[in-house]
Colleague: 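Right, I'll just put the structure down here and ask away after.
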Amino acid sequence: MSRTRTALLAAMALVGGATGTAFAVDPDGAGAAAVPCTVDYKIQNQWSTGFTAAVTITNNSAAKSSWSLKWSYAGNQKVTSGWNAKLSQSGAAVTAANESYNAQLATGASVSFGFQGSYSGSNAIPATFTLDGVTCNVDDGGPGGPTDPPDPGGPSNRVNNPYEGAKVYVNPEWSANAAAEPGGSRVANQPTGIWLDRIAAINGAGGKMGLRAHLDEALRQKGSGELVVQLVIYNLPGRDCAALASNGELKADEIGRYKTEYIDPIKAILADSKYAGLRIVTTVEIDSLPNLVTNTGSRPTATPQCDVMKANGNYIKGVGYALNKLGDVPNVYNYVDAGHHGWIGWDDNFGPSATLFKEAATAEGATVNDVHGFITNTANYSALKEENFSITDNVAGKSVRESKWVDWNRYTDELSFAQAFRNQLVSVGFPSGIGMLIDTSRNGWGGSARPAGPGPQTSVDAYVDGGRYDRRFNPGNWCNQAGAGLGERPQANPAAGIDAYVWMKPPGESDGSSKAIDNDEGKGFDRMCDPTYTGNPRNNHNMSGALPDAPLSGKWFSAQFRQLMQNAYPPLS
């Protein structure tokens, strides 16, 4: 396990009243006013030749549009790398200046950054810090120092399954949308994922709650027990190279922005000690890595955009960087997206996908130990269990694998795929304790059209098509599917090797617009969301099966939500 994984919890509790205090004079003569600034410097991890530190600045004076913090070491400490600040050193003197995304520092606001350093001998905390030339109050060496016991929830205390024995965060914004629909109160208390699908979403975009607001609400919901918060990390450069509806804001070559403007700020918030008691599940970059296997090169499913992302390596770099940085936070559990059985369940995709995931998990300083598990079927519709036929069945002299629906896939449903793919991932070098999540938010396929038993044995196609729960035209169809229903409710430990069934995609939030809609979110129009579209090689040239009149991806789609409730399986009471 790398030292960076065991590193930091940034921003420990601020403690006032230490040496180095600078007081402003109250103009009314009522006494001393607030200290202009406070600096909390904590050594989070230390070994014989190096250390990591977290620094939080609180500004109690006038709002700032930029900031610069300075200090000097008494020993031979050297800053070797850092995050969320521009760090420079001359001799013993260190300067930390703001990045573009955290330059604003309002009155009463705080900003955090961290760094790794080297030293020999002693590693004393600097005695004095100045913010833009003004001396700040300094932490008194309280909790979080190098001699303190390990932080609660630290690396050695990560539980095997974060969902076990824990409640899961209910997003109040999604809950309100669900409750406003007729009958929606039946599911409005279910936990769903928080999608951080652009930089602006971190602080809150379009009037929505930002990451800190969600985490603060999670603390309220937590009470005295354990609580999981589910985040979707989803903003790679050149995002979703095979589906225009979920294109992102970052261009194919903007890996630098992804790191410094997206992952680093998320990490800084998650590392705030205020949130150390939460179990934070991050599902990392939906649909990205599988595209590099199935939609590149000479395959008929290839797209030029996916070839670009494979050539420049920025999907690999981005996922590796996210795993490395987020894996440093002791109470974060990283789950990497692994597509679904109707995408990578074929022989020529299954093994290569696991190998590619290992490559990403060991890029940019990450290790396989930064991966707690994988998630399948995210925002997709693959049935959890197909009970009316199996992959080993033979009908009219043909194997089920020869049917048009299965099309030589090794798997007929998501549960069998997830369990088998877990074994494959372990075989290529991931830890044996990894767990799987399955998104069951829209794979119930209930309602009056749900088959009650196997299809007729007149042909293998009649047998499979007459018995299958998944009623899409093709397993490659993914956008706002007609006839879909809510699936199994979120639950922990539902099957061997499965950490949880989750609703990572919030039911009722669109997959993409059914026609072109201008927007400032970088989201394009994908014909797979057009109900009149006759398909492409990625869905074997079938109709799209999409619902009409859909809004942009992520926007509330009332008609879809009502359909999902109507076709829920298990049914809603």
Colleague: Can you measure from CG (Leu250) to CD1 (Ile199) and round to the nearest 0.5 angstrom?
Modeller: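 Separation between the atoms: 5.0 Å.
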Colleague: Salt bridge check: are Arg562 and Glu181 linked by an N-O gap of less than 4.0 Å?
Modeller: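 Result for this pair is yes, salt bridge flagged.
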Colleague: Taking atom types as modelled, is there a side-chain donor on Ser416 or Asp413 under 3.5 Å from an acceptor on the other?
Modeller: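 Distance-only check passes for Ser416 and Asp413.
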Colleague: Is it true that a side-chain atom of Thr282 and a backbone atom of Val284 form a donor plus acceptor pair closer than 3.5 Å?
Modeller: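 Pair absent, no side-chain N/O of Thr282 close to backbone of Val284.
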Colleague: For Glu386 and Thr412, test the side chains for any donor-to-acceptor distance below 3.5 angstrom and give the result as yes or no.
Modeller: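 No, because no side-chain N or O of Glu386 sits under 3.5 Å from a partner of the opposite role on Thr412.
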Colleague: Cation-pi check, Arg468 to Phe389: give yes when NZ or CZ is under 6.0 Å from the six-membered ring centre and within 45° of the ring axis, no otherwise.
Modeller: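 That pair does not qualify as a cation-pi contact.
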Colleague: Would you please name every residue forming a side chain to side chain contact (heavy atoms under 4.5 Å, CB included) with Lys208, sequence neighbours left out?
Modeller: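 In terms of side chain to side chain contact (heavy atoms under 4.5 Å, CB included), with neighbours along the sequence ignored, Lys208 is linked to Glu173.
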Colleague: Within a strict 4.5 Å, meaning less than it, do heavy atoms of the Trp343 and Asn291 side chains meet?
Modeller: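 Yes - at least one pair of side-chain heavy atoms lies under 4.5 Å apart.
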Colleague: Check step by step if salt bridge (charged side-chain N to carboxylate O under 4.0 Å, His left out) holds for Arg450 and Asp470.
Modeller: CA-CA 9 Å; Arg450 183 179 178 88; Asp470 187 337; over 6 Å; no
Colleague: Tell me if the centroids of the rings in Phe374 and Phe430 come within less than 6.0 Å of each other.
Modeller: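 Yes, the ring centres sit under 6.0 Å apart.
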Colleague: Around atom CG of Asp518, are there more than 12 heavy atoms from other residues, nucleotides or ligands closer than 6.0 Å?
Modeller: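 Result for CG/Asp518: open.
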Colleague: Going by side chain to side chain contact (heavy atoms under 4.5 Å, CB included), name the residues that satisfy it together with Thr192, two or more places apart in sequence or in a different chain.
Modeller: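 So Thr192 forms a side chain to side chain contact (heavy atoms under 4.5 Å, CB included) with Asn171, Trp174, Trp503, Pro506, Pro507.
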Colleague: So, for Tyr333 and His372, is the gap between ring centers shorter than 6.0 Å?
Modeller: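 Centroid distance Tyr333-His372: below 6.0 Å, so yes.
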Colleague: Centres of the His214 and Tyr169 rings: under 6.0 Å?
Modeller: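 Here the rings of Tyr169 and His214 have centres that are less than 6.0 Å from each other.
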Colleague: Which class fits the ring pair Phe350 and Phe421: parallel under 30°, tilted 30 to 60°, perpendicular over 60°?
Modeller: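 Geometry flag for Phe421 against Phe350: perpendicular rings.
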Colleague: Just checking, Arg410 and Trp346: is the charged tip under 6.0 Å from the six-membered ring centre and within 45° of the axis?
Modeller: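 No, a cation-pi geometry is absent between Arg410 and Trp346.
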Colleague: Using the benzene-type ring in the case of Trp, are the ring centres of Trp478 and Tyr381 under 6.0 Å apart?
Modeller: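 Between Tyr381 and Trp478, which both carry aromatic rings, the centre distance is not below 6.0 Å.
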Colleague: What distance do Asp240 atom CG and Ser288 atom OG have between them, rounded to the nearest 0.5 Å?
Modeller: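 Separation between the atoms: 8.5 Å.
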Colleague: Listed by chain and number, what are the side chain to side chain contact (heavy atoms under 4.5 Å, CB included) partners of Pro570, not counting sequence neighbours?
Modeller: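 By the side chain to side chain contact (heavy atoms under 4.5 Å, CB included) rule, Pro570 matches Glu488, Arg489.
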Colleague: Could Glu521 and Lys523 be called an ion pair, given the rule that one side-chain N must be under 4.0 Å from one carboxylate O?
Modeller: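 So Glu521 pairs with Lys523 through a salt bridge.
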Colleague: Say you draw a straight line from CD1 of Ile438 to OG of Ser382; how long is it, rounded to the nearest 0.5 Å?
Modeller: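 With rounding to 0.5 Å, CD1 (Ile438) is 10.0 Å from OG (Ser382).
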